[in-house]
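In what follows, every chain begins at residue 1, and chains take the letters A, B, ... in the order their sequences are listed. Quick note: numbers below take in every heavy atom, side chains included, and nothing from hydrogens, waters or symmetry partners.
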Amino acid sequence: MTTPPITELSKPSATERSRYQQWETSGAFIADASRSVRSGGDREPFTIMMPPPNVTDILHVGHGLNSTVQDVIIRWRRMAGDEALWLPGTDHAGIATQNVVEKKLAREEKKTRFDLGREAFVARTTAFVAATGGTILQQIRGIGASCDWSRTAYTLTPELSRAVREAFVRLHEKGLIYRGHRVIHWCSRCLTSLSDEEAEHKDETGSLYHITYPLADAPADGSMTSVTVATTRPETMLGDVAVAVHPDDPRYRALIGKEILLPIAGVRIPVIADAYADPAFGTGVVKITPAHDPNDFEVGRRHSLPMPIVMSPTGEMEESADAAGRVPANLRGMDRFAARAEIVETLRASGLLARVEPHAHSVRHCYRCDTVVEPRLSDQWFVSMEPLARPALEAVRTGGIRILPERWEAVYVNWLEGIRDWNISRQLWWGHRIPVWYCATCPDPIVSRDDVALCPRCGGAVRQDDDVLDTWFSSWLWPFSTLGWPDTASRDLRAFYPTDVLITAPEILFFWVARMIMGGFEFMGERPFHTVYLHGTVRDTQHVKMSKSRGNGIDPLVVVDRYGADALRYTLVAGLGMGADVIVDPGDIDQSFAPGRNFVTKLRNIGRFILTNLGDDPVPDVASIPAEQLTRADRWILDRLDVAIADANSALGPARPSGPAWDSSELRSGLRLSEYAEATRRFAWSELADWYVEATKGRLLAGGVDRDVARGVLVHVFDAALRLLQPIVPFVTEELWQQLPGHPAEGTLARVPWPEARRATPDADSANGGSQFELVRETVDALRQLRSEYAVTPQKLIAAVIVPSRDVAARRILDEEAALIGRLTRCTITVADAAPLGTAAHAVLSGGTGIAVPLEGIIDVKRECQRLQGELEQLDKQLSALVQRLANEGFTSRAPAHVVEAERRKESEWGARRQQLSEKVRALCGS
RNA sequence: GGGCGAAUAGCUCAGUUGGUUAGAGCGCCUGUCUUACACACAGGAUGUCGGGGGUUCGAGUCCCUCUUCGCCCACCA
């Protein structure tokens with residue numbers, strides 16, 4: 001038989017592409033709402049909502065991991081008989097997309113969005129998204145994702161925009177959305193406010209400047225002429241409206257109510273008493289800048305102080321109307337950081353800079369452009385989160401929703417317990433415009449589901465709020481807005497909500513996951529899913545997160561092109577412990593993805609062997625084969641299959657809680673993908689390929705009934721292996737399965753039932769041939785060890801005498817399997833009652849089975865003596881420890897019965913083994 | 001500053017409520033193109049389970065402590 005070279009086998013990307021098209025066009029991934037039991041159908045629904053990638057994203061390895069995990073789960077459930085829906089989509093990604101288009105505009109046309117104007121800019125962005133927006137979803141197909149593309153969603157469609165407005169209006173009606181005047185995080189590059197979550201902390205070493213603030217009027221007693229304040233941001237001093245001391249601080253009690261002459265700005269500000277001032281920090285005196293610091297804002301409110309803004313939206317020093325006279329001419333228009341340096345110099349020159357010390361603190365940065373965020377007083381829309389957080393906390397505490405890995409639950413609870421109101425307005429153009437209109441004459445804003453043209457109260461002109469909503473305000477509705485909400489009669493909503501598992505990275509636990517849970521309870525009155533699975537991050541060998549900008553990324557499509565999507569998927573899944581990061585080396589893609597590549601090749605080779613040796617005769621169904629025709633090897637592999645199915649099921653499941661909440665026994669189980677991968681790999685490779693295929697080789701060449709039995713079992717177990725592996729490696733398994741006899745002509749493996757164990761308890765029947773085959777394996781292992789130990793070349797056919805020491809049954813089994821054992825070890829086997837021990841004989845014990853192997857002229861007797869004596873010593877040591885343990889009353893009385901029993905059994909086994917070993921030593925070494 | 005987690009073979013990690021001689025993949029060493037597969041087969045080596053203390057008949061597993069890393073949160077000017 002001629003075999004194609006390996007290189008031909010390892011270029012699967014082309015066939016994968018056409019295979020995917022077949023799946024897609026045949027509708028294999030489309031879910032049918034009418035089959036959900038919730039709408040009167042016959043199947044449990046199982047739904048996964050894809051975390052929508054940003055519409056401008058291109059696929060990176062993080063998406064690859066995320067999509068693979070989701071695909072494994074959804075394919076498993078689809079085969080297991082659920083009506084499985086994996087709903088894909090994209091996010092319009094307000095700031096991110098606007099930034100992309102603005103950069104493009106600046107690069108290509110040297111224009112800003114203001115040059116274009118709002119309407120033209122939005123049109124431009126819409127066109128850009130239309131042209132490029134489908135890229136990532138197309139790329140996700142390339143790794144085999146079995147999404148229902150007929151339901152592809154996008155957060156900016158009319159349908160989802162309607163849901164956004166509905167949510168806004170409802171929350172406003174309940175009084176949970178309000179307009180707030182306070183200090184928020186402002187990005188002076190994106191020119192928008194940010195939520196707390198979007199302003200990320202980064203540790204930096206800055207300077208703490210100690211500045212002398214002179215008293216405005218020299219005190220009568222001449223005691224104290226100035227105070228010293230400490231600040232990390234001297235430029236904000238122009239907006240100071242007071243200095244505060246603690247009311248109980250004896251050092252400054254006399255100053256309260258006096259006035260300071262603010263340097264540079266030259267205005268008089270009061271010394272106030274407020275508990276916010278910490279006597280232990282610095283000098284105990286703190287400057288108060290209400291418009292540029294959230295704490296100071298609170299102090300200012302308590303003391304009814306003015307709140308002058310001294311910076312422009314773009315971060316340059318500027319005098320607002322209520323800051324008149326505070327910003328000197330030379331600083332106006334100067335960047336905030338340049339102004340900081342300038343002010344420090346001025347203070348130094350005038351002797352007011354007491355000292356400067358290095359200061360480690362954390363500074364907030366814009367999560368989109370990394371600009372240092374400026375706290376800034378402004379008017380924004382907020383959502384009151386505390387009422388929404390309550391049911392979300394309750395659900396996780398009571399097991400209605402579980403978060404895996406468990407440790408993230410504490411993080412979730414911690415965040416929700418201290419939740420703060422959500423700033424949802426953004427000063428951007430790309431997004432859902434806030435559905436609020438203002439009448440020129442009437443005082444109250446109009447909040448409306450529909451566009452408003454005229455004021456409903458006075459009929460006058462109205463103007464819509466300029467701002468758009470935070471991107472995440474549409475994302476948090478995703479589990480139901482994509483299914484038709486607010487139309488509660490929608491078929492999809494009835495059939496598929498609540499969804500089942502939410503699979504994402506921990507980075508967006510607060511941005512998205514927690515808010516979806518809150519949104520689900522608020523708008524649907526029900527949890528959006530019962531399980532949150534937070535998978536790890538893909539990192540390089542230095543444990544640095546992979547990203548294109550860091551230059552350590554791996555393009556999943558390169559991997560797909562080189563080794564196939566299956567190799568990518570298998571490698572990622574096999575390496576994915578619960579919540580653990582996946583480490584791959586971008587410098588050695590070949591090495592990194594070798595596990596997947598090798599495994600796929602192995603599968604293909606098993607398939608090739610089976611298909612080329614099967615012949616064209618009809619293959620019998622395993623169920624129709626009389627039990628007595630099954631060989632020990634047949635029974636063994638069928639047993640192993642049952643074990644593999646059980647292992648896979650317990651690694652993956654249960655798919656859903658049995659009741660309304662997770663039972664404590666199941667709360668932490670399931671979704672252990674690497675264990676599932678290992679269980680199926682072990683079956684296919686270590687058991688099916690390494691042992692069963694080898695064991696059938698002789699039988700396939702011979703004829704008769706036994707050949708058909710072997711063919712039947714072979715096809716059965718391989719078919720089952722392909723089913724078990726389909727969720728991980730869908731392409732190669734489908735390709736092989738299609739060639740296997742006995743499947744429906746138009747069927748697809750993706751839709752075939754998940755395998756079920758033949759027997760409920762695989763190992764219960766000890767008389768079964770399956771366990772008898774273990775004796776054959778042990779014997780073969782022992783013989784191979786001997787061969788290797790004595791460096792007998794594999795080609796050399798040798799004679800071996802096996803002496804079964806266990807019992808009559810063992811003797812019979814070995815007798816009957818002698819031919820197979822001989823073929824697997826290239827020995828001619830004799831089973832005898834006594835071994836011809838002596839100078840030219842060698843014997844080894846394995847599992848209680850004595851095997852004597854005469855190896856004429858090969859054995860070095862001296863070396864063998866040493867080896868046997870070493871083995872004996874080792875055994876003695878272990879045995880004495882065992883005996884000691886069994887003599888210990890504490891052990892025998894307190895340890896569970898099965899443990900003690902196992903130890904007793906072991907003691908007798910080891911004892912027998914020791915007996916034989918020492919006999920052998922005596923015979924061979926003569927002492 | 002608050003909260004959480006991790007440390008097991010050269011590397012990446014499993015190790016379920018304490019209970020056989022602590023496992024897997026990759027890497028490493030030896031041999032082999034044994035009629036599916038050298039991306040393979042066969043054999044092999046490698047672990048004071050981070051240090052110390054404790055509970056227990058028994059600890060990788062539970063408790064305390066130290067060390068080292070990591071993650072999340074944070075309104076210390």
Side-chain angles (χ1 to χ4, degrees), chain A residues 1 3 6 9-10 183 196 201 208 229-233 244 276-278 280-282 285-289 293-298 359 361-362 375 405 407-408 410-415 418 506 509-510 541 543 563 567 571 574-585 590-592 594-595 597-613 650 668-669 672 674-675 678 681-682 689-690 693-694 697 701 781 784-785 787-789 791 793-795 823-826 874-875 878 881-882 885 888-896 898-900 902-903 905-906 910:
Chain A
M1 164 194 348
T3 55
I6 286 299
L9 292 170
S10 57
V183 171
D196 294 338
H201 285 277
L208 190 60
V229 301
T231 180
T232 54
R233 299 190 302 144
Y276 165 64
D278 177 5
F281 187 93
V285 185
V286 57
K287 65 195 264 307
I288 301 298
T289 322
D293 184 288
N295 292 313
D296 294 6
F297 173 77
E298 294 302 325
H359 184 67
H361 60 148
S362 79
R407 65 172 178 276
W408 288 105
V411 176
Y412 172 92
V413 166
N414 196 38
W415 185 73
L509 179 61
F510 305 140
T541 49
H543 292 201
Y563 315 113
T571 304
L576 189 71
M578 172 66 72
D581 292 337
V582 177
I583 311 290
V584 280
D585 184 357
D590 193 63
Q591 174 74 30
S592 296
R597 183 202 56 188
N598 295 356
F599 182 60
V600 170
T601 306
K602 189 72 184 181
L603 277 181
R604 226 181 234 116
N605 277 310
I606 300 169
R608 185 160 58 162
F609 171 80
I610 292 174
L611 292 168
T612 52
N613 285 285
S650 76
R668 304 295 164 210
S669 57
R672 294 188 303 270
S674 56
E675 282 181 33
E678 175 54 22
R681 187 207 65 86
R682 187 177 51 232
D690 287 351
V693 163
E694 293 303 326
K697 275 182 175 169
L701 288 174
D781 278 342
R784 282 174 175 169
Q785 266 172 33
R787 265 203 115 95
S788 168
E789 201 167 333
T793 59
Q795 297 89 339
R823 217 174 46 70
L824 294 176
T825 54
R826 283 189 73 79
Q874 176 88 20
L875 187 62
Q878 283 164 0
L882 187 62
R885 193 177 330 163
N888 186 330
E889 222 170 289
F891 174 71
T892 49
S893 62
R894 286 184 224 187
H898 72 273
V899 174
V900 178
E903 298 287 80
R905 203 170 332 121
K906 197 165 60 173
W910 287 6

Sugar-phosphate only, base, or nothing, as touched by A/Ala689 at under 4.0 Å among non-hydrogen atoms | base

Value in whole Å for how far the P atom of B/C41 lies from CZ of A/Phe599 | 12 Å

A/Asp585 CG to A/Asp590 CG distance, which is reported to the nearest 0.5 Å = 11.0 Å

Take atom C1' in B/G31 and the same atom in B/U48, then report the distance between them in whole Å.
-> 33 Å

Just wondering, do A/Arg681 and A/Phe599 contact through their side chains at under 4.5 Å, heavy atoms?
-> yes

Minimum heavy-atom separation for A/Thr289 to A/Asp296, with atom names?
-> N-OD2, 2.7 Å

In whole Å, what separates the P atom of B/A36 from that of B/U20?
-> 41 Å

Nearest-Å distance once atom P is located in both B/G5 and B/A45 = 38 Å

Would you indicate what A/Val693 reaches in the nucleic acid, counting non-hydrogen atoms under 4.0 angstrom: base, sugar-phosphate, or nothing?
-> base

Rounded to the Å, how far apart are A/Arg826 CZ and B/C33 P?
-> 12 Å

Identify whether any heavy atom of A/Phe297 sits under 4.0 Å from a base atom; if not, whether one sits that close to sugar-phosphate; answer base, sugar-phosphate or nothing.
-> nothing

Give a yes or no answer on whether the side chain of A/Thr571 reaches the backbone of A/Pro595 with a donor-acceptor pair at less than 3.5 Å.
-> no

Shortest non-hydrogen contact from A/Glu694 to A/Leu824?
-> CB-CD2, 3.7 Å

How far, in whole Å, is B/C29 from B/G10 if one measures between their C1' atoms?
-> 13 Å

Check for a donor-acceptor pair, side chain of A/Thr601 on one end and backbone N or O of A/Arg597 on the other, with a separation under 3.5 Å.
-> yes

Taking only nitrogen or oxygen atoms into account, show me every contact under 3.5 Å that the protein makes with nucleotides 42-49 of chain B, one pair per line with its distance.
| from | atom 1 | to | atom 2 | distance (Å) |
| --- | --- | --- | --- | --- |
| B/G43 | O2' | A/Ser788 | OG | 2.7 |

With rounding to the nearest 0.5 Å, note down the distance linking CG in A/Leu701 to NZ in A/Lys697.
-> 9.5 Å

Any idea which heavy atoms bring A/Thr232 and A/Leu208 closest together, and the distance?
-> CG2-CD1, 3.7 Å

Between B/C39 (C1') and A/Lys602 (NZ): distance, integer Å = 10 Å

Which dot-bracket string describes RNA chain B (Watson-Crick N1-N3 plus N6-O4 or O6-N4, or G-U N1-O2 and O6-N3, all under 3.5 Å; [ ] crossing; | other strand)?
-> (((((((..((((.....[...)))).(((((.......))))).....(((((..]....))))))))))))....

Using atom P of each nucleotide, how far apart are B/C73 and B/U12 to the nearest Å?
-> 26 Å

Just the table, please: protein N/O against nucleotides 2-11 of chain B N/O, every pair under 3.5 Å.
none

Gap between atoms CD1 and P, on A/Ile288 and B/C76 respectively (whole Å) = 14 Å

A/Tyr412 versus A/Phe510, closest heavy-atom pair with distance | CA-CE2, 4.3 Å

Just checking A/Ser362: base, sugar-phosphate only, or nothing, at a heavy-atom cut-off of under 4.0 Å?
-> base

Considering all heavy atoms of both residues, which atom of A/Lys287 and which atom of A/Arg233 are nearest to each other, and what is their separation?
-> NZ-O, 4.2 Å

Measure the distance from NE2 on A/His359 to P on B/G1 and round it to the nearest whole Å.
-> 12 Å

All N/O contacts under 3.5 Å from nucleotides 23-28 of chain B to the protein, with atom names and distances to one decimal?
| from | atom 1 | to | atom 2 | distance (Å) |
| --- | --- | --- | --- | --- |
| B/C26 | O2' | A/Gln591 | NE2 | 2.6 |

Spell out, as yes or no, whether a donor-acceptor pair under 3.5 Å connects the side chain of A/Thr892 to the backbone of A/Glu889.
-> yes

For A/Arg668 and B/A14, what is the distance between atoms CZ and P respectively, to the nearest whole Å?
-> 16 Å

Which atom names give the shortest non-hydrogen contact between A/Ala574 and A/Ser674, and what distance separates them?
-> O-CB, 3.5 Å

If you restrict it to nitrogen or oxygen atoms, what contacts under 3.5 Å exist between nucleotides 15-21 of chain B and the protein, and what is each distance?
| from | atom 1 | to | atom 2 | distance (Å) |
| --- | --- | --- | --- | --- |
| B/U20 | O3' | A/Lys906 | NZ | 2.8 |
| B/U20 | O2' | A/Lys906 | NZ | 3.2 |
| B/U21 | OP1 | A/Arg885 | NH2 | 3.4 |
| B/U21 | OP1 | A/Lys906 | NZ | 3.3 |
| B/U21 | O4 | A/Trp910 | NE1 | 3.1 |

Mind checking A/Asn888 for me? I need base, sugar-phosphate or nothing, with any heavy atom below 4.0 Å counting as a touch.
-> sugar-phosphate

Rounded to whole Å, CG of A/Asp296 lies from C1' of B/C76 at a distance of 12 Å

Using the P atom as the reference point in each nucleotide, state the distance between B/A59 and B/G53 in Å, no decimals.
-> 14 Å

Pairwise P distance for B/U56 and B/C63, with rounding to whole Å | 16 Å

Measure the CD1-OH distance between A/Ile288 and A/Tyr276 for me, rounded to the nearest 0.5 Å.
-> 6.5 Å

Could you state the atom-to-atom distance from CG of A/Asn605 to P of B/C37 in whole Å?
-> 7 Å

Looking only at atom C1', what distance separates B/U61 and B/G19, rounded to whole Å?
-> 11 Å

By ring-ring contact (aromatic ring centres under 6.0 Å, His included), A/Phe297 pairs with (sequence neighbours left out) none

